S.K.: 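A single structure is presented below for examination.
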Amino acid sequence: MKTSRHLTVVLLFLLTAVAARTRAAPKNEVAVFEYEGVVAGEASSAKFGMFRGILKDKISNLTREVLQGDTQGFEYLQDVHINFRSKDTFTKSESVNLWLQNQASVLCLLRGTLVSDDNVTYVVKSNFHLGALKEYFPYDVVKITLPVSSGEFGNTQDSHSLVILYALAMDAKRQGFNKSHIARFLTAANNKLADIKRRGGALGDDLAELEKALHKTTAELLGGSDGN
Amino acid sequence: MDKRQSKNSSSPSTEEMTSCKVCREPIKVKAIKCTKCYSYQDWTRYLLRWSTLLVSLFALAPLWSISDSLSRLAFSKKAAKIEAALTGCSQNEVRLVFENSGNTSGIITGVSFALLQEGKRITPRGLDIRGSQGEEDIVVSPNQPPARVSYRASIDNVEASFIPESRARQDCFYLLEIDWIDLAGSRQQLKRECRCP
């Protein structure tokens, strides 16, 4: 009896070790392409620079928020970063999906447009491409907007942070992490969604679909058995 | 000279005579050299005779090589022989060096890329492979420094990786097929492989 218990413990240990070894590499790059409407040397270029700074800030705050001091098992989050790529030359959505399949380390791809009515107030209209990480989200692209203002620095209660959190949750699932690990991202995403709703009222089309996808994933996670 | 003449004149009948081995003129039996044709009477006379012939042959040698080169240029078949060496394979770049050991220029018209895994050939979808020379074909001429070209993959002009995300790294090889033609129009293909990084 005692021997069989020992054997079970050894077997479980071995299985955990094998699972850890075979886990897929985490995706840690948020690829940002140059937005349309950005003209070199003009105010739009400076505003796009500001948007890049905002995104960078959001990512570092977001990972800190999820970690909440407990980094065990989440060490890979420290490598999540923004990579500003070259000009956006994609001609069709299929090419973007192909590119995402090709890039093993890319978590999500951001392209979009920078718009302003008065050359003072700028808004970014971002297209988030999640590739295979879209899971239950029905479209290839999540379309969201964000004002480019100094108030956005340090703020993570926004739709860009929400989509990145969703992508991180789906990537944790892809990597084969257990329920509690994935739940950490899903809880943070649900909290963000609730906060956006509270401040802005009704969600836009894409955010409403993202909410559905989040709920579906959460329900699936709670209903299924725990992984490794 | 006078002494020698007096010596000769003193005993002309006592000297035994023979004929030169080269010109048949009468000379003394003990003469080393003929007084008429100046030929040596021992074996060294052959050396002189053959050395003239040898010198003539040496003089002909450069003429012969020049005429041989000219005839090769005029009558030999002109063909290019392009050789390729893979000098680097990374996820985003493949470097090749081309050389032509033939006698006429060759043109590299295209390079296609595939992955070999467990003996299967996989062509990554949607990848556009471009060389550092741009859109133009590469002309590789004989007796010229090798042409160095680096190839990069892209999708819609956005840099991409040669290895798609889903491919396992084990038992993986890059396969490059290089198409080239020579000026006579004959088409050839080279295949080169390197291990996936």
Side-chain angles (χ1 to χ4, degrees), chain A residues 18 21-36 38 76 79 82-112 127-135 140-141 167 170-176, chain B residues 86 88-96 110-118 120-136 149-177 193-197:
Chain A
V18 167
R21 271 184 73 83
T22 53
R23 187 168 285 153
K27 292 177 179 286
N28 55 22
E29 181 190 331
V30 177
V32 182
F33 284 82
E34 195 174 284
Y35 278 33
E36 272 182 51
V38 177
Y76 68 94
D79 297 327
I82 298 218
N83 191 4
F84 297 102
R85 299 274 183 160
S86 53
K87 263 200 154 12
D88 183 354
T89 47
F90 290 115
T91 50
K92 47 189 184 287
S93 190
E94 197 198 357
S95 304
V96 179
N97 289 335
L98 264 177
W99 190 83
L100 274 169
Q101 277 170 31
N102 181 272
Q103 300 290 302
S105 64
V106 174
L107 183 74
C108 54
L109 183 154
L110 262 158
R111 50 204 294 250
N127 292 344
F128 262 93
H129 293 256
L130 300 172
L133 297 181
K134 71 174 187 172
E135 280 273 324
D140 282 346
V141 189
M170 295 307 124
D171 191 46
K173 195 177 163 195
R174 179 192 66 89
Q175 286 180 73
Chain B
L86 270 168
C89 290
S90 70
Q91 266 199 329
N92 298 320
E93 187 187 36
V94 174
R95 291 195 303 275
L96 277 162
V111 171
S112 55
F113 172 81
L115 283 170
L116 291 178
Q117 272 187 308
E118 293 161 359
K120 282 182 198 159
R121 182 199 164 102
I122 303 149
T123 308
R125 213 157 52 95
L127 276 190
D128 182 17
I129 313 290
R130 280 187 199 174
S132 52
Q133 86 289 355
E135 296 285 314
E136 287 173 14
V149 187
S150 67
Y151 290 91
R152 285 181 172 270
S154 63
I155 296 168
D156 259 4
N157 289 325
V158 178
E159 193 173 72
S161 164
F162 278 103
I163 306 176
E165 180 193 353
S166 54
R167 306 292 170 216
R169 299 288 189 271
Q170 288 171 346
D171 186 29
C172 170
F173 289 90
Y174 283 1
L175 169 70
L176 280 135
E177 290 168 330
E193 282 176 28
C194 64
R195 193 173 276 279
C196 297

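Just so you know, these numbers come straight off a predicted model, no measurement behind them.
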S.K.: Just jot down the ring-ring contact (aromatic ring centres under 6.0 Å, His included) partners of A:Phe84, sequence neighbours excluded, or say none.
M.R.: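 Per chain and number, A:Phe84 pairs via ring-ring contact (aromatic ring centres under 6.0 Å, His included) with no residue.
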S.K.: What distance separates A:Asn102 CG from B:Arg125 CZ, expressed to the nearest 0.5 Å?
M.R.: 11.5 Å
S.K.: Examine distances only and state if a side-chain atom of A:Trp99 and a backbone atom of B:Ser154 form a donor-acceptor pair shorter than 3.5 Å.
M.R.: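 Not confirmed, A:Trp99 side chain does not pair with B:Ser154 backbone.
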S.K.: Is the CD atom of A:Glu36 crowded by more than 12 outside heavy atoms at less than 6.0 Å?
M.R.: no
S.K.: Where is the tightest heavy-atom contact between B:Val158 and A:Phe90, given as atom of each residue plus distance?
M.R.: CG2-CZ, 3.6 Å
S.K.: Restricting to ring-ring contact (aromatic ring centres under 6.0 Å, His included), what partner residues turn up for B:Tyr151, sequence neighbours left out?
M.R.: none
S.K.: Counting only non-hydrogen atoms closer than 4.5 Å, does A:Thr91 touch chain B with its backbone (N, CA, C, O), its side chain (CB onward), both, or neither?
M.R.: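 Both parts, heavy atoms under 4.5 Å.
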S.K.: Can you name the nearest heavy-atom pair linking B:Asn157 to A:Thr89, along with the distance?
M.R.: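 Heavy-atom minimum between the residues: CB-OG1, 3.4 Å.
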